[in-house]
Asks: 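I have a structure I would like to understand better, so I am pasting it below and will then ask my questions one at a time.
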There are 2 protein chains.
Amino acid sequence: MTTDTEQPRLTRAARRVLDTASELFYHQGINSVGVDRIAAEAGVTKKTIYDRFGSKDNLVMAYLRARDVRWRVVVERHIDAAPDPRGAVLAVFDSLTEWRATEGDRGCAMINARAEISGPDHPAHALAADQKRWLMGRFAELIESAGLLEVGSETEVKAEVKAEIQDTALELLLLHEGAVVMSDVGQFGNAVAIARKAAGRLLSP
Amino acid sequence: MTTDTEQPRLTRAARRVLDTASELFYHQGINSVGVDRIAAEAGVTKKTIYDRFGSKDNLVMAYLRARDVRWRVVVERHIDAAPDPRGAVLAVFDSLTEWRATEGDRGCAMINARAEISGPDHPAHALAADQKRWLMGRFAELIESAGLLEVGSETEVKAEVKAEIQDTALELLLLHEGAVVMSDVGQFGNAVAIARKAAGRLLSP
DNA sequence: ACGGTAGTAGACCGACCTGTTTACTTTTGG
DNA sequence: CCAAAAGTAAACAGGTCGGTCTACTACCGT
């Protein structure tokens, strides 16, 4: 269920705690799940939790970080399996389909965490920003390596090309995030497929 | 700050409670704000809150419903001011810019509420679904009235045209929701503008 | 002028929250 | 083999939560 090499050393009990907490935090909400319940469902005493993680906040961060790592691995796997950069962009949306089937039917854990955590200084906010900027950066790399936009004269300023790439990458990110959130709110079960289709159209104007 | 004709009768104290709760719920999160704090900041006793709203849950729903109504009014105003259906679709994104400037720098209140409320039977979930389906429906109406897609032979089945309209409407919704959420998470301050641009491109393929 | 409605003030309740502590047992690595 | 690390068990602390209740007062329409 979880990758076993994501963090060097975690006691078996700590592993159970993290797995249980991940399940509960994601599906019930962070604030709705107390450490007592985590301890009970993980078959562990509270002391163990506090010995290993120090605080609930740390446990929350461990949950978010581990999930982020797991997700990026899935995305990269799909990108690597794609035949060409354009296909790789579309493959990101396929990775979302897979991800949702296995680990996500309640939207993005980062966005949800943001909603529950008031303080903007909380590290969860930075982590969320990191994740989204990473995906947009990945999109931008793929677009660039596709050699998209060999437009105009050769004297065309490179800065403009770069800007165009960034814009398109952001468009793809918006479609992706829109699909993540909308797959669960209405009856938009086809959101990911539609997002993929739109992405394809935006790539070849 | 708030529309005054949205609900027939609300005592002045109840009005203050709702306004204060809306501010706090949206910016701090629903679970992070207790009724004691709402009472204190609204200059009201807890008894008044419970006399008027019955429970915190009811107050939360009143907050979400009022905000939803307020938002739809803004969207409709922008749609009405647009010269043509195509412009109206783009105007929805302009309405988002205005909305964000006045009432929203922490994402979508519905989505955030969903993240905080575990039970899928909670009426907030239905309300969120309603809001999103409404916007998609609005998009679909605009696309249809634009006479988009007078493609192919006149014997083309109408069902297919309808399906295409629904797909495009969903694409626009995804861009919209993506822009709402991403405007606040990274440094994607241009998310709405980019979404608008992409929407325009998706409308004229 | 009066009666109902809306409001204040503030104590109170039980449940639940994160986090700590003490005392004892199990596991594990050099 | 044995000491350190990891874990169990369970009580405890201090706070906050949503929600109730009593007693008294201000307002407002008829």
Side-chain angles (χ1 to χ4, degrees), chain A residues 4 7-64 112-113 115-119 121-124, chain B residues 4 7-64 112-113 115-119 121-124:
Chain A
D4 42 15
Q7 282 294 345
R9 255 163 282 285
L10 267 190
T11 359
R12 249 168 314 183
R15 181 79 274 147
R16 255 181 300 147
V17 168
L18 187 53
D19 288 348
T20 306
S22 296
E23 268 281 316
L24 293 175
F25 283 158
Y26 181 69
H27 288 104
Q28 319 276 341
I30 293 172
N31 288 329
S32 305
V33 175
V35 299
D36 292 88
R37 186 164 165 214
I38 295 172
E41 297 202 15
V44 144
T45 55
K46 273 203 291 183
K47 182 168 181 299
T48 299
I49 294 184
Y50 281 93
D51 281 351
R52 295 302 125 223
F53 295 94
S55 70
K56 184 185 177 180
D57 236 60
N58 287 349
L59 179 57
V60 168
M61 286 308 295
Y63 145 65
L64 290 175
N112 292 351
E116 295 202 62
I117 298 168
S118 46
D121 307 323
H122 195 285
Chain B
D4 42 14
Q7 283 293 346
R9 254 164 281 285
L10 268 190
T11 350
R12 251 169 310 182
R15 183 76 276 149
R16 257 181 299 148
V17 168
L18 186 53
D19 287 348
T20 305
S22 296
E23 267 283 315
L24 293 175
F25 283 158
Y26 181 69
H27 288 103
Q28 318 277 340
I30 293 172
N31 288 328
S32 304
V33 175
V35 299
D36 291 89
R37 187 165 163 212
I38 295 172
E41 297 203 16
V44 144
T45 54
K46 271 205 290 183
K47 182 168 179 299
T48 298
I49 293 184
Y50 281 92
D51 281 350
R52 296 302 124 225
F53 295 95
S55 70
K56 184 185 178 179
D57 237 60
N58 287 349
L59 180 56
V60 167
M61 285 308 296
Y63 146 65
L64 290 175
N112 292 350
E116 295 202 63
I117 297 168
S118 45
D121 307 323
H122 195 286

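Throughout, a chain's letter reflects where its sequence line sits, starting with A, and its residues are numbered from 1. All figures in this text were calculated on a predicted structure; none of them were measured in a lab.
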Asks: Pull out every protein N or O sitting under 3.5 Å from an N or O of nucleotides 28-30 of chain C, one pair per line with the distance.
Replies:
{"residue": "dT28(C)", "atom": "OP1", "partner": "Arg12(A)", "partner atom": "NH2", "Å": "2.0"}

Asks: Ignoring hydrogens and angles, tell me if any N or O in the side chain of Gln28(B) forms a donor-acceptor pair with the backbone of Val33(B) under 3.5 Å.
Replies: no

Asks: Indicate, with a heavy-atom threshold strictly under 4.0 Å, whether Thr11(A) touches base, sugar-phosphate, or nothing.
Replies: sugar-phosphate

Asks: Looking only at heavy atoms, which two atoms of Val17(A) and Val44(A) are closest? And how far apart?
Replies: CG2-CG1, 3.9 Å

Asks: Between Glu116(B) (CD) and dC17(D) (P), how many Å, whole number?
Replies: 14 Å

Asks: Do the side chain of Asn31(A) and the main chain of Glu116(A) share a donor and acceptor less than 3.5 angstrom apart?
Replies: yes

Asks: For Leu59(B) and dC17(D), what is the distance between atoms CG and P respectively, to the nearest whole Å?
Replies: 15 Å

Asks: Among all residues two or more places apart in sequence or in another chain, which pass the side-chain hydrogen bond (donor to acceptor under 3.5 Å, both in side chains) test with Asp57(A)?
Replies: His122(A)

Asks: Work out which heavy atom in Ala14(A) is nearest to a heavy atom in Phe53(A); give both atom names and the distance.
Replies: O-CZ, 3.7 Å

Asks: Nearest whole Å is fine: how far is dT20(C) C1' from Phe53(A) CZ?
Replies: 18 Å

Asks: Think Arg37(B) has a side-chain N or O under 4.0 angstrom from the OP1 or OP2 of dT16(D)?
Replies: no

Asks: Between the opening five pairs and the closing five pairs of the helix from dA1(C)-dT30(D) to dG30(C)-dC1(D), how far apart are the helix axes, to 10°?
Replies: 30°

Asks: Compare every heavy atom of Thr45(B) with every heavy atom of Ala39(B), then report the nearest pair and how far apart it is.
Replies: CB-C, 4.1 Å

Asks: Identify the pairs formed between an N or O of the protein and an N or O of nucleotides 18-21 of chain D at a distance under 3.5 Å, and give each distance.
Replies:
{"residue": "dG18(D)", "atom": "OP1", "partner": "Lys56(B)", "partner atom": "NZ", "Å": "2.5"}
{"residue": "dG18(D)", "atom": "OP2", "partner": "Val35(B)", "partner atom": "N", "Å": "2.9"}
{"residue": "dG19(D)", "atom": "OP2", "partner": "Tyr50(B)", "partner atom": "OH", "Å": "3.0"}
{"residue": "dG19(D)", "atom": "OP2", "partner": "Lys56(B)", "partner atom": "N", "Å": "2.7"}
{"residue": "dG19(D)", "atom": "N7", "partner": "Lys46(B)", "partner atom": "NZ", "Å": "2.8"}
{"residue": "dG19(D)", "atom": "O6", "partner": "Lys46(B)", "partner atom": "NZ", "Å": "2.2"}

Asks: Under the salt bridge (charged side-chain N to carboxylate O under 4.0 Å, His left out) definition, can you give me all pairs with a residue in residues 30-46 of chain B, not counting sequence neighbours?
Replies: Asp36(B)-Lys46(B), Arg37(B)-Glu41(B)

Asks: Measure from CD1 on Ile49(B) to C1' on dA9(C) and round the result to the nearest Å.
Replies: 14 Å

Asks: Is the phosphate of dT8(C), meaning OP1 or OP2, less than 4.0 Å from a side-chain N or O of Thr48(B)?
Replies: yes

Asks: Determine which pairs satisfy ring-ring contact (aromatic ring centres under 6.0 Å, His included) with at least one residue from residues 9-33 of chain A, sequence neighbours left out, and list them in order.
Replies: Phe25(A)-Tyr63(A)

Asks: I'd like to check Leu59(A) versus Val35(A) (side-chain heavy atoms, cut-off strictly below 4.5 Å). Are they in contact?
Replies: no

Asks: Does Arg16(A) reach the main-chain N or O of Ala42(A) with its side chain, forming a donor-acceptor pair under 3.5 Å?
Replies: yes

Asks: Tell me: CZ of Arg16(A) to P of dT27(C), nearest whole Å?
Replies: 12 Å

